[in-house]
Amino acid sequence: MRLVFAGTPEFARVALDALLAAGHEIPLVLTQPDRPAGRGLKLTPSPVKQAALAAGIPVAQPRSLRLDGRYPDEAAQARAQLEQAAPEVMVVAAYGLILPAWTLQLPPRGCLNIHASLLPRWRGAAPIQRAIEAGDAETGVTIMQMDEGLDTGDMLLERRVPIGDTDSAAQLHDALAAAGGEAIVQALQLLQAGGLQPQAQPADGVTYAAKLDKAEAALDCTQAATLLARRVRAFNPVPGATVRLPGLEAPVKVWRAEALDTVVTHAPGTLLQATEAGIDIATGDGVLRLLELQKAGGKRQPVDVFVRGWQPTA
């Protein structure tokens, strides 16, 4: 089919590669403007832009698609580019801009979104992280016919993905990205054959995946160890989970941790022991064992290496 693709991060790049491998014609890609990245804050193109340019596809990077917004000239130019591209359908994956009504209505077959959850659970910005944080046993990818609501459109196809007990957001992201690439290729095959059966999302079971906030990084040890261990996994790699340890001025980033089903009477946040097996912290319910850490300005270290270079003080 003749497509326009709109996406920005690595999750979307995987889908773009899958569409190209499947032989779809993509005359235009939309992605977010280049952003500062790295220590030198050098302007860096998104993973989707890099993939598009490598494939010789023209790229548009408007700051907005709203014709009545802050950047009407950029929106108007993008509209002209979309009209010239004349796509049958637009495929959207983690684009990062709101699509106004004119965008949704431009392709004859509308806009299909690759969403990283089993809708209607975890509509919104951070479905991968919130699924892990909540302790969900599975998640998945939903191909959705976009409307003007927040992930409220009809469901067209889904792929289920289990969440392992030790899966981080980074690991689950990769599994869902691969599932999304496979699902959108299948959905377009069914669309061409007239085999897609849209289903309205049920009213029950709606949850919202709030955008990640840096303030969430600090672990609150008054909460249960099981929740804290899930948050460490959910916030790996971004925004990261942090904890304060005695003898260190700056918070320490926690890359891996586990919850121990141990009854404790110490106040939450108390350092119980620090051995090469783990650093044990009392919580509101149980013990959180830290297994991989990183000091500010340092490197990631397994706990046995970390404790040898750390002298806790009262």
Side-chain angles (χ1 to χ4, degrees), residues 2-13 15-16 19 26-37 41-53 57-117 119-120 122-130 142-154 156 180 184 201 206 208-215 238-239:
R2 186 174 173 86
L3 315 173
V4 162
F5 184 85
T8 298
E10 179 64 17
F11 180 88
R13 196 275 307 165
L16 176 59
L19 292 168
I26 305 178
L28 179 67
V29 161
L30 300 179
T31 192
Q32 288 268 357
D34 297 358
R35 305 292 189 199
L41 296 179
K42 181 181 178 181
L43 281 179
T44 303
S46 72
V48 163
K49 180 179 179 179
Q50 294 178 48
L53 294 179
I57 303 172
V59 175
Q61 298 177 271
R63 286 174 287 181
S64 172
L65 291 170
R66 294 188 177 279
L67 298 171
D68 58 352
R70 292 177 59 191
Y71 308 104
D73 292 344
E74 293 182 28
Q77 182 180 4
R79 180 168 186 168
Q81 290 172 293
L82 279 167
E83 290 174 345
Q84 183 177 10
E88 296 174 73
V89 63
M90 181 186 291
V91 174
V92 182
Y95 178 31
L97 288 184
I98 295 173
L99 300 188
W102 72 261
T103 315
L104 301 174
Q105 296 163 4
L106 190 147
R109 295 178 183 252
C111 300
L112 304 190
N113 179 247
I114 309 170
H115 185 75
S117 80
L119 292 169
W122 302 128
R123 295 173 179 170
I128 298 174
Q129 294 85 354
R130 299 307 179 190
T142 303
I143 305 301
M144 176 190 69
Q145 186 82 46
M146 295 182 70
D147 60 18
E148 293 188 63
L150 176 62
D151 299 328
T152 55
D154 287 349
L156 304 173
I184 190 60
Q201 294 187 34
V206 175
Y208 290 92
K211 185 178 179 180
L212 297 176
D213 191 320
K214 289 183 179 180
V238 176

- Under 3.5 Å, side chain of Gln129 to main-chain N/O of Leu212, donor-acceptor pair present? no
- Before giving the answer on side-chain contact (heavy atoms from CB on, under 4.5 Å), spell out for Phe5 and Ile57 the whole-Å C-alpha distance, their side-chain angles and the decisive distance to 0.1 Å. CA-CA 10 Å; Phe5 184 85; Ile57 303 172; over 6 Å; no
- Sorted by chain and number, sequence neighbours left out, side-chain contact (heavy atoms from CB on, under 4.5 Å) with Ala116 holds for Phe11, Pro127, Ile128, Leu176
- Test side-chain contact (heavy atoms from CB on, under 4.5 Å), reference Gln61, set Val29, Thr8, Asp34, output is Asp34
- Message: Do Gln145 and Leu112 make a side-chain contact, defined as non-hydrogen atoms from C-beta onward lying under 4.5 Å apart?
- Response: yes
- Item | Matching residue for Gln81 among Arg79, Glu83, Gln84, Gln77 - test: side-chain contact (heavy atoms from CB on, under 4.5 Å) | Gln77
- Under the side-chain contact (heavy atoms from CB on, under 4.5 Å) rule, what do Leu43 and Arg35 come out as? Steps first, then yes or no, please. CA-CA 5 Å; Leu43 281 179; Arg35 305 292 189 199; 5.7 Å; no
- Query: Which atoms form the tightest heavy-atom contact between Pro9 and Ala94, and what is the distance?
  - Reply: CD-O, 3.0 Å
Identify each donor-acceptor pair in which a side-chain atom of residues 97-111 lies under 3.5 Å from a protein atom, sequence neighbours left out, and give them as a table.
unit_1 : atom_1 : unit_2 : atom_2 : d
Trp102 : NE1    : Leu65  : O      : 2.9
Arg109 : NH1    : Leu191 : O      : 3.2

- Task: Please report the closest heavy-atom contact between Met90 and Leu30, naming both atoms and the distance.
- Result: CE-CD1, 4.3 Å
- If every non-hydrogen atom of Pro33 is compared with every non-hydrogen atom of Pro62, which pair is closest and at what distance? CD-O, 4.0 Å
- Message: Test of understanding: with side-chain contact (heavy atoms from CB on, under 4.5 Å), list the residues that count as partners of Ala85, not counting sequence neighbours.
- Response: Val4, Pro27, Leu28, Pro87
- Task: Measure across Leu156 and Met144 and return the closest heavy-atom pair with its distance rounded to 0.1 Å.
- Result: CD1-C, 4.1 Å
- How long is the gap from CD on Gln50 to CG on Leu16, to the nearest 0.5 Å? 12.0 Å
- Message: Do Pro36 and Thr44 make a side-chain contact, defined as non-hydrogen atoms from C-beta onward lying under 4.5 Å apart?
- Response: no
- Message: Measuring from atom CE of Met146 to atom CG of Asp151, what distance do you get when rounded to the nearest 0.5 angstrom?
- Response: 7.5 Å
- Donor-acceptor pair, side chain of Ser117 and main chain of Trp122, under 3.5 angstrom: yes
- Note on the structure: So OG1 of Thr142 and CZ of Arg123: to nearest 0.5 Å the spacing works out to 10.5 Å
- Compare all side-chain heavy atoms of Leu150 with those of Tyr208 and state whether any distance is below 4.5 angstrom. yes
- Query: Within a strict 4.5 Å, meaning less than it, do heavy atoms of the Ile114 and Ile143 side chains meet?
  - Reply: yes
